[in-house]
Amino acid sequence: MLMPLPDEKILARSAEIVAALRKIVPGEGVVESEAGRRAYECDALTAYRTLPMVVVLPETTEQVVQIMRACSEMGVKVVPRGSGTSLSGGALPLADAVLLAMGKFKKILDIDVENRCVTVQPGVTNLAITAAVQDQGFYYAPDPSSQIACSIGGNVAENSGGVHCLKYGLTTNNVIGIEFVTIDGEIIRLGGKHYDAAGYDLLGVMVGSEGLLGVVTEVTVRILPKPPGARALLIGFASIESAAECVADIIGQGIIPGGMEMMDKPATQAAEAFVHAGYPQDAEALLIVELDGCEAEVHHLVEQVEGLAQKHSANSIRTSHSEEERLLFWAGRKAAFPAVGRLSPDFYCMDGTIPRRRLSDVLLRIRQMEGKHGLRVANVFHAGDGNLHPLIMYDANKPGELEQAEEFGNDILKLCVEVGGVLTGEHGVGVEKRDLMGEMFTETDLNQQMRLKCAFDPQSLLNPGKVFPQLCRCAELGRVHVHGGQTRFSELPRF
Ligand SMILES: Cc1cc2nc3c(=O)[nH]c(=O)nc-3n(C[C@H](O)[C@H](O)[C@H](O)COP(=O)(O)OP(=O)(O)OC[C@H]3O[C@@H](n4cnc5c(N)ncnc54)[C@H](O)[C@@H]3O)c2cc1C
């Protein structure tokens with residue numbers, strides 16, 4: 001994968017840059033030793049690693065302002081980082097950049113039950129928000145499987161999702177205000193405790209901006225009252241087609257489950273061997289449907305979904321009768337990724353979204369691609385949203401298998417776009433899907449997106465090398481003037 005080449009002039013000035021950072025953040029807040037920087041060399045897309053030039057861990061917004069201003073003035077790139085759980089390489093460091101780690105922004109600033117919102121610093125984990133309000137009967141709805149570790153700042157940057165997003169929306173639907181710092185050190189506040197704001201929807205622009213537009217220093221999220229009850233159904237099908245049709249029918253009937261997840265046979269068998277949740281071993285597709293609300297509503301919805309499952313020839317239907325049983329049904333799904341890790345030394349988790357109606361068709365074509373690439377796939381995904389997570393199994397120790405897995409992943413994502421879907425559901429573009437952006441967007445689309453980036457970050461210093469294909473950067477938008485043989489932006493790879 002082609003990344004921007006390190007700028008030798010910046011590397012030569014690294015001592016001066018570190019000294020400038022030390023004036024802003026004292027003591028251990030600047031990490032310069034190789035051993036210290038090694039801890040930050042990758043995020044959860046572990047196939048790619050780069051030692052950052054220096055890591056800085058600010059504790060206050062004022063320090064972020066000064067770091068950004070200093071980097072902007074020195075022409076130094078900045079890569080923001082939360083907890084480093086990105087699966088698309090969004091927080092992958094650059095050898096000539098400052099890695100701005102927001103892990104010390106850990107405070108819950110305000111719990112406002114009357115306005116049903118909580119204001120936190122960006123390093124607070126997703127789960128810590130729910131933990132802070134659950135005694136009062138509330139919770140924060142978007143629930144990525146990584147919620148024990150991932151930060152809310154990272155969730156904002158990636159517009160993260162989770163099992164409950166089908167009914168309660170993604171991060172963008174649950175964040176109502178942010179504070180962020182621009183690359184030249186300006187503090188901007190968008191939204192707040194109130195809904196909607198005057199002018200353009202800049203909050204919508206910032207959520208999902210993958211660290212390319214600013215560094216988020218404060219987040220206000222809405223919290224929801226915990227539903228009084230929830231029950232889960234475990235439904236086994238003899239074919240993926242029947243399961244997919246059942247999913248479409250449930251949504252078509254106007255039922256929006258709290259969560260609706262599907263696993264194929266390899267994933268179901270791996271999860272069962274791992275947590276013994278009682279999953280049917282002969283099912284080609286397993287559906288977990290959760291229905292929440294008051295008792296009468298849940299009872300009514302359970303009956304409706306059971307009826308639809310029978311209509312689509314389900315082989316087995318089990319409905320949870322206690323909270324323990326409901327959690328057990330989910331335990332296998334939640335452990336599906338580590339469970340698949342026992343089947344293969346490595347796996348590559350893809351993320352693409354398709355129209356629900358195309359589920360069975362696309363899953364069949366992924367199965368057919370296994371032969372072409374010589375690799376197996378287990379499928380675990382948010383069926384209700386059409387958000388696929390094919391887990392491509394490979395062995396990194398075998399030469400060429402990682403590249404083969406990546407090629408397989410690219411074919412899957414191209415297929416998602418071909419059937420009317422999109423390149424990502426919730427994991428972001430990062431470096432992983434960067435070079436596929438042209439599959440989905442025209443040059444004009446990409447130029448327009450780039451113009452927006454330039455409006456926030458004209459020098460292209462914030463998280464470069466991510467999201468936009470190489471040679472699709474601020475420098476390319478205008479005509480490049482070559483004077484005396486000196487090419488501007490010489491670090492950009494040219495083809
Ligand atoms: C096991 C596992 C399961 C996962 N399950 C899910 C899932 O169910 N749903 C889902 O959506 N994702 C999932 N993810 C992906 C990941 O957890 C999310 O993308 C998460 O939001 C990343 O948060 P983070 O704090 O780790 O951010 P990082 O990985 O540190 O950074 C991610 C991106 O956000 C930017 N960023 C981070 N903090 C800031 C900030 N303060 N200001 C500006 N930009 C910032 C970075 O530059 C980078 O581009 C999973 C990951 C793992 C490892």
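Every value quoted in this text rests on a predicted model; they were computed, and no experiment measured them. Atoms within each ligand, like the ligands themselves, are counted from 1 in listed order.
Listed as neighbours of ligand 1 are Ala44, Pro80, Arg81, Gly82, Ser83, Gly84, Thr85, Ser86, Leu87, Gly90, Ala91, Met102, Pro122, Pro144, Ser145, Ser146, Cys150, Ser151, Gly153, Gly154, Asn155, Ala157, Glu158, Ser160, Gly161, Glu210, Gly211, Gly214, Val215, Val216, Glu426, His427, Asn463, each bearing a heavy atom under 4.0 Å from the ligand.
Leu233 places a side-chain heavy atom less than 4.5 Å from the side chain of Leu291.
Between Phe456 and Phe180, the ring-plane angle classifies as tilted under the 30° and 60° cut-offs.
Annotation: ring pair (Phe, Tyr, Trp, His ring centres under 6.0 Å) contacts of His164 (sequence neighbours excluded): none. Under the ring pair (Phe, Tyr, Trp, His ring centres under 6.0 Å) criterion, Phe408 pairs with His373, sequence neighbours left out. Here Glu59 pairs with Gln63, Lys104 under the side-chain contact (heavy atoms from CB on, under 4.5 Å) rule; sequence neighbours left out.
Inspection of the His427 and Glu158 side chains reveals no N or O donor paired with an N or O acceptor under 3.5 Å.
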